[in-house]
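Below is one structure, written out as structure tokens, with a few remarks after it.
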Amino acid sequence: GRKSLRQKITDELKHYYNGFHLLWIDTKVAARMVWRLLHGQVLTRRERRRLLRTCADLFRLVPFLVFVIVPFMEFLLPVFLKLFPEMLPSTFETESKKEEKQKKKLNAKLELAKFLQETIAEMAKRNKADTG
């Protein structure tokens, strides 16, 4: 069924609250990583990627806050997200956006696998012809 306006507003507020909460947690973890880096410890590859993602999210937060702070500007947010899809910090992504990204990555991997299989099959044919 259709949601009432009150329910839609409540859902959006919960979404923003959860996004800011997750960003706060990521920021605290990233601060600990920076502290470790400053004291000479080495980060793992996973920690380095998380630190980079959190820093990128903090830089993306600045234009996003303009939409939240300026009255009635949030009505333009869907337009700007259509023009600049990576503007939103990663903690604010919806499940459908995450699934869409995963599908695109999977399709790219499948295309690469097909290409590699065709290449190997072609190489096998050439080797067979050369030895036969």
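At a threshold of 4.5 Å between non-hydrogen side-chain atoms, the residues Lys114 and Glu111 count as touching. Side-chain atoms of Leu37 and Leu51, non-hydrogen and from C-beta on, do get closer than 4.5 Å to each other.
From Gln117, atom CD reaches atom CG of Leu112 across 10.0 Å, with rounding to the nearest 0.5 Å. One finds the NZ atom of Lys105 at 12.5 Å from the CD atom of Glu100 (value rounded to the nearest 0.5 Å). Put simply, CG on Asn107 and NZ on Lys104 are 10.0 Å apart, with the number rounded to the nearest 0.5 Å. Put simply, CG on Leu106 and CD on Glu99 are 12.5 Å apart, with the number rounded to the nearest 0.5 Å. Rounding to the nearest 0.5 angstrom, the gap separating the CG atom in Leu76 from the CG atom in Leu83 is 10.5 Å.
There is no path of hydrophobic side-chain contacts, each under 4.5 Å, that joins Val34 to Leu61. No single ILVMFWY cluster, assembled from side-chain heavy atoms under 4.5 Å apart, contains both Leu38 and Val42. Cluster annotation: Leu23 is not connected to Val62 through the hydrophobic network of ILVMFWY side chains, with a link wherever side-chain heavy atoms come within less than 4.5 Å. Tracing side-chain contacts under 4.5 Å through hydrophobic residues (I, L, V, M, F, W, Y), one reaches Val70 starting from Phe20; they form part of the same cluster. Leu58 is not connected to Leu22 by any chain of hydrophobic side-chain contacts under 4.5 Å among Ile, Leu, Val, Met, Phe, Trp and Tyr, and they are in different clusters.
Among residue pairs with one or both ends in residues 62-73, none qualify as salt bridge (Lys or Arg N to Asp or Glu O under 4.0 Å); sequence neighbours excluded. Pairs engaging residues 17-39 under the side chain to side chain donor-acceptor pair (under 3.5 Å) rule: Asp26-Arg50, Asp26-Arg53, Arg36-Gln41, Arg36-Glu47 [sequence neighbours left out].
Scored by the side-chain hydrogen bond (donor to acceptor under 3.5 Å, both in side chains) test, Lys101 finds Glu93 as partners (sequence neighbours excluded).
A side-chain contact (heavy atoms from CB on, under 4.5 Å) with Met33 is found for exactly one of Thr44, Thr54, Leu43, namely Leu43.
Comment: Asp11 does not engage Lys8 in a salt bridge, judged by the lack of any side-chain N to carboxylate O separation of less than 4.0 angstrom.
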